[in-house]
Participant: 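Mind having a look at this structure? Questions to follow.
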Amino acid sequence: MENWYVASIAETLEHFNTNENTGISDQEVANRQSKYGKNEFAKQEKTSLIKEILHHLKDISTIILLLAALLSLGMALKDGHGFIEPVVIVSIVILNLILAITQERGAEKALEALSSLNSPNCIVIRDGVQKEMDTSELVPGDIIKLQLGSIVPADARLITSTNLQVDESALTGESEPSEKDADILLQGSVPLGDQLNMVFSSCHVTSGHGLAMVTATGMQTEMGKIAGYLNNSQKLKTPLQRRLERIAKSISIVAIAAAVLLFAIGILQGESVWSMVMLAATLAVAAVPETLNLIVTLSLSQGVKNMVNKNALIRKLSAVETLGNTSVICSDKTGTLTQNRMTIEKLWIPGNEPFKAGDEFEKDQTELLSMFALASNASVQEEEDGTLTIMGNPTEKAIMRLLHEKGLSKERISEQYRIVGEIPFSSERKMMTIVLEASSGGYLILTKGALDRLPLKAFDEKAKNEVDYVHKIFAGEALRVLALGIRYVKEAPSMENPEEIEQDLELCGLIGLIDPARPEAAQAVERAKMAGIRTIMITGDHAATASAIARNIGILGENEKVLTGQQLNDMSDEDLCRNIHHYSVYARVSPEDKIRIVEAWQENGEVVSMTGDGVNDTPALKAADVGISMGQSGTEVAKSASDMVLTDDNFATIIDAVSEGRNVFSNIRKTVYFLLVCNISEIVIMLVAQLKGWGIPVTPIMLLLVNVLGDGIPGICLSRDTSDPRLMDREPIRRDEGFLSGGLLPVIIQQTIACSVVVLVGYYIGTFRTLPGMQEPSQAIGQTVAFLVLGWTSILHLFTVRSRKSIFKRTIKDNPPVLYSTMAMIAVFSLLVAFPPLGKIFGLTAIDSHHWLLAAGLSVIPTIVAEIGKFIDEQTNIREVYEYRNRVIRHRIRKDDSF
């Protein structure tokens, strides 16, 4: 039987062959554990190392590199020119694989370490003895004790229950605790939220205590079933992956087209097939930016490290960049935007003005707070380090917290009274009553609950108006109002008739509570606005409370609306997509609603991040571009479904992570810009020289040296670059935008032409022209000059790509390795030519001082061209911004000149 809620207690105990007083024996536990397994979720099967390697080898640029290595190896075997080239290419491929795999596995290990911190214990009865043990050791048939504050360790049928309330929001999404009753019998198909005689794994006991028998463990629990669904799901490719694929495909098309063209020209000109094969290998080496994947991986890895320092744990490398492109953040309210700690804001005593909780209390104000404390069941325990642990429901914990802040304690107040009876709270009655015997004689009846439910004495007109006025003030500030009624009687009341006890109460006073916003939330929301990111609040709370919090922290603007779950249900998907921009707050929503909201934003082309902590949030976390779970309050299922885990459950951390993600994307974009100019110019050089009949201006091994030393090593420094401070002052990159948007493509074309021309000029002069004072021209001299110019222009190009501002306006202090690596590589290139025994290995020859000066002069020309272009671009941008400021009060940088 699966539906144990329809079975009686006796039938359940009999089926599992257990006893509520003695439990099961340790020997029986071993038998059942071998049958049912451990009480833990099955971990998602890890991808084998072979599959990970094959997955990364599917990358187009990697395939081209491997083909180039094979061609180079074939030529090495045929012509005997050495194996340096294929060895270096394969080494680069292997290095890329190692970095990609180790970084992703490192992130998963960090998450597993975080998860291991959340392994709770439970109290079990076995062989008639109560013992505390790890929840993973439970088996069906175990008898477990539930008490205030404990986490339900497995699905179980209640045997006894006393005022038992369980927070099942992680499973059902219901914000109010569910009142449990062991004796109730249910029939038919009953939803989880209405199975009042059952408790479920990972839910929290918020009130009362009980005894239960485990009916399901591990993956057979309701939580486990959902976890099983999640393990089988796959996520769509991220914007970064799609952009890199487009770049790789474009490069591949260019390389193939160029190779076919040159092969055809060579054959028509009577060249041998093998010489054309050699040229094809040269083009492959020239076309593929060998270090692109390496630099991208390092950029993402550096972003992961920086985010961990900011309390954000990234589970997948690609999520770093996607987070940086986020344009909409759908955030839960409780615990993320708020402190998840109910707090008393205001109090009121009839005949007086409302007063704040932070004021100095007078005698009657202290008396009101004391009466509220007496009418509460929350308990306070002082730890060894002096901190207080308060156990109870959120409202009563707030009362006790304020009581202790005022230097009082319930123990001292209770010395004058003895509890003789209690009428527990229920969601139907919305109130609870405590009956106390006073040491001075007589009995005190205290009833707290919703103002409209308390059986108060009739008010006169003045008093009624006063109460209504204060209640309206509290409600207008989105405070949850709690009233306290009091009555003194001489004789002990009969607890068998609650109606006779709860009558003719005198209103003692009101308190207004709220889960306050985090102090840093408003600033974080404003930062998000400045970055062009829309923050959306999604909560199961009431619309009035959600609106007040959203308005206080800047989420809800003047022209923005609140939408309730009921209103959302009445809207079609088409209407929601069309009107999604009008709504900033969603109140009283279900888990299904969250998916609709996420998908509606995505339909509008937005990159959506979604926060969540419960099992009910996991579908929306999976649907979002970046799923963000809570490290402290989140369930393990939610963490497994997410791309990022907030270790401090703080919304401000998301904005810090977005900033880091934008910096990572900026660095990746710089890398693409940097390498495209270098590699496309190499293709242009090869094409033009061949079409002109000039021969090969640079050999494959020279190209490899330039790509690895001139492009790769300095380019790696871009992974640690700090981008322009204005990075968070521009709109996010839209999901359909490529790396070359924002005016970058014309700049790439401009610099590619400049770099190609100077290399061809250097090669032509060194090969064909005899200028005064120069040594006799030869192809060896031409290739050496071309090698120097190509290498040096690539290295200097790094300074150009760091910012769209002038290189003289960008400091080097924020990334000194850029300067060190460029100086070192310029020296290495110079040494290769200046030291003939070393240069001979790579086909280089000695050149005279005139050729050195020629190479140096040509190498700085592309940088000069870039500086002229930046100056013109800056003047245009200043004019555009000035005109834009005249049209709007607050402007954003329209042109992406900050990367």
Side-chain angles (χ1 to χ4, degrees), residues 286 673-686 688-689 694 697-699 702-715 717-718 747-767 769 771 773-775 777 780-802 806-808 810 812 818-835 839 842-870:
Y673 170 23
F674 175 63
L675 295 178
L676 279 183
V677 168
C678 296
N679 288 82
I680 294 177
S681 63
E682 291 170 1
I683 296 174
V684 172
I685 292 164
M686 301 298 297
V688 172
W694 292 351
V698 279
T699 63
M702 292 178 188
L703 284 174
L704 201 62
L705 284 173
V706 171
N707 286 356
V708 174
L709 299 180
D711 302 347
I713 293 179
C717 298
L718 287 176
V747 178
I748 290 177
I749 294 174
Q750 166 194 293
Q751 291 307 111
T752 299
I753 294 172
C755 291
S756 302
V757 168
V758 293
V759 174
L760 287 169
V761 168
Y763 173 69
Y764 177 77
I765 293 175
T767 305
R769 304 296 296 178
L771 299 179
M774 283 188 177
Q775 64 194 96
I781 293 175
Q783 287 180 336
T784 302
V785 173
F787 168 76
L788 277 178
V789 176
L790 183 61
W792 285 347
T793 55
S794 296
I795 295 169
L796 294 176
H797 181 53
L798 187 68
F799 294 101
T800 297
V801 306
R802 291 191 70 219
S806 170
I807 61 174
F808 302 107
R810 181 70 196 270
I812 203 70
V818 167
L819 180 62
Y820 303 150
S821 64
T822 52
M823 291 177 63
M825 289 305 103
I826 287 175
V828 167
F829 275 72
S830 303
L831 182 63
L832 287 174
V833 176
F835 189 59
F842 302 103
L844 300 170
T845 189
I847 57 175
D848 60 27
S849 58
H850 295 84
H851 285 111
W852 278 102
L853 290 173
L854 173 66
L858 290 172
S859 298
V860 298
I861 290 176
T863 303
I864 296 172
V865 171
E867 287 297 298
I868 294 172
K870 288 180 180 181

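Computed from heavy atoms alone, side chains included, the values below leave out hydrogens, waters and symmetry copies. It should be emphasised that the depicted structure is a prediction, and the values quoted were computed from it without experimental measurement.
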Participant: Would you give the length of the straight line joining atom CD1 of Ile680 to atom CD1 of Ile753, rounded to the nearest 0.5 angstrom?
Facilitator: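 Nearest 0.5 Å value for the CD1-CD1 distance: 11.0 Å.
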
Participant: Can you tell me how far CE of Met825 sits from CG of Leu831, rounded to the nearest 0.5 angstrom?
Facilitator: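 Interatomic distance, Leu831 CG to Met825 CE, rounded to 0.5 Å: 11.0 Å.
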
Participant: Do Thr784 side-chain atoms and Thr845 backbone N/O form a donor-acceptor pair below 3.5 Å?
Facilitator: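 Answer holds: yes.
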
Participant: For Ser821 and Cys717, which heavy atoms make the closest approach, and how far apart are they?
Facilitator: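 That would be OG-SG, 3.3 Å.
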
Participant: Working to the nearest 0.5 Å, report the span between CD1 of Ile748 and OH of Tyr673.
Facilitator: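 Answer for the CD1-OH pair, Ile748 versus Tyr673, is 7.0 Å.
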
Participant: Is there a donor-acceptor contact under 3.5 Å from the side chain of Gln751 to the main chain of Pro862?
Facilitator: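 Such a contact is found between Gln751 side chain and Pro862 backbone.
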
Participant: So how far is it from Leu705 CG to Phe829 CZ, rounded to the nearest 0.5 Å?
Facilitator: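 Leu705 atom CG to Phe829 atom CZ measures 6.5 Å (nearest 0.5 Å).
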
Participant: Taking the six-membered ring for Trp, are the ring centroids of Trp694 and Tyr764 within less than 6.0 Å of each other?
Facilitator: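 Yes; Tyr764 has its ring centre under 6.0 Å from that of Trp694.
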
Participant: Between Leu832 and Phe842, is there a side-chain heavy-atom distance shorter than 4.5 Å?
Facilitator: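 Phe842 reaches Leu832 side chain to side chain.
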
Participant: Would you say Val677 and Cys755 make side-chain contact, with heavy atoms under 4.5 Å?
Facilitator: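 Yes, at least one pair of side-chain atoms sits under 4.5 Å.
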
Participant: Could you go step by step and tell me if Val759 and Glu682 meet the side-chain contact (heavy atoms from CB on, under 4.5 Å) rule?
Facilitator: CA-CA 9 Å; Val759 174; Glu682 291 170 1; over 6 Å; no

Participant: By side-chain contact (heavy atoms from CB on, under 4.5 Å), which residues pair with Gln775, not counting sequence neighbours?
Facilitator: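 Residues passing side-chain contact (heavy atoms from CB on, under 4.5 Å) with Gln775: Ile781, Ile847, Asp848, His851.
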
Participant: Within the structure provided, determine whether Leu796 and Thr822 are in side-chain contact (heavy-atom separation under 4.5 Å).
Facilitator: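 With C-beta onward as the side chain, the pair stays apart.
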
Participant: Checking Phe799 against Val818 for the side-chain contact (heavy atoms from CB on, under 4.5 Å) test, could you report, in this order, the C-alpha distance in whole Å, the side-chain angles of both residues, the deciding distance, and whether it holds?
Facilitator: CA-CA 8 Å; Phe799 294 101; Val818 167; 3.9 Å; yes

Participant: Is the ring pair Trp792/Trp852 parallel, tilted or perpendicular, if the boundaries are 30 and 60 degrees?
Facilitator: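 Aromatic pair Trp792/Trp852 classed tilted.
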
Participant: Is any side-chain heavy atom of Val758 closer than 4.5 Å to a side-chain heavy atom of Val761?
Facilitator: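 Val758 vs Val761: side chains apart.
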
Participant: Is any side-chain heavy atom of Val698 closer than 4.5 Å to one of Tyr763?
Facilitator: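 The answer is no, as the side chains (C-beta and beyond) never meet within the 4.5 Å cut-off.
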
Participant: Rounded at 0.5 Å granularity, tell me how far CD1 in Ile826 sits from CG in Leu709.
Facilitator: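 Rounded to the nearest 0.5 Å, the CD1-CG separation comes out at 12.5 Å.
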
Participant: Which atoms form the tightest heavy-atom contact between Gly710 and Ile795, and what is the distance?
Facilitator: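 Residues Gly710 and Ile795, closest heavy atoms: O-CG1, 3.7 Å.
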
Participant: Going by heavy atoms in the side chains, are Leu790 and Leu703 under 4.5 Å from each other?
Facilitator: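 Contact flag for Leu790/Leu703 side chains = yes.
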
Participant: Between NZ of Lys870 and CD1 of Ile807, what distance do you get to the nearest 0.5 Å?
Facilitator: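 Interatomic distance, Lys870 NZ to Ile807 CD1, rounded to 0.5 Å: 6.5 Å.
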
Participant: A side-chain contact here means heavy atoms from C-beta on lying under 4.5 Å apart; do Asp711 and Asn679 qualify?
Facilitator: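 Yes, side chains in contact.
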
Participant: Report yes if the side chains of Val785 and Ile765 come closer than 4.5 Å at any heavy-atom pair, otherwise no.
Facilitator: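 No; the side chains remain at least 4.5 Å from each other.
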
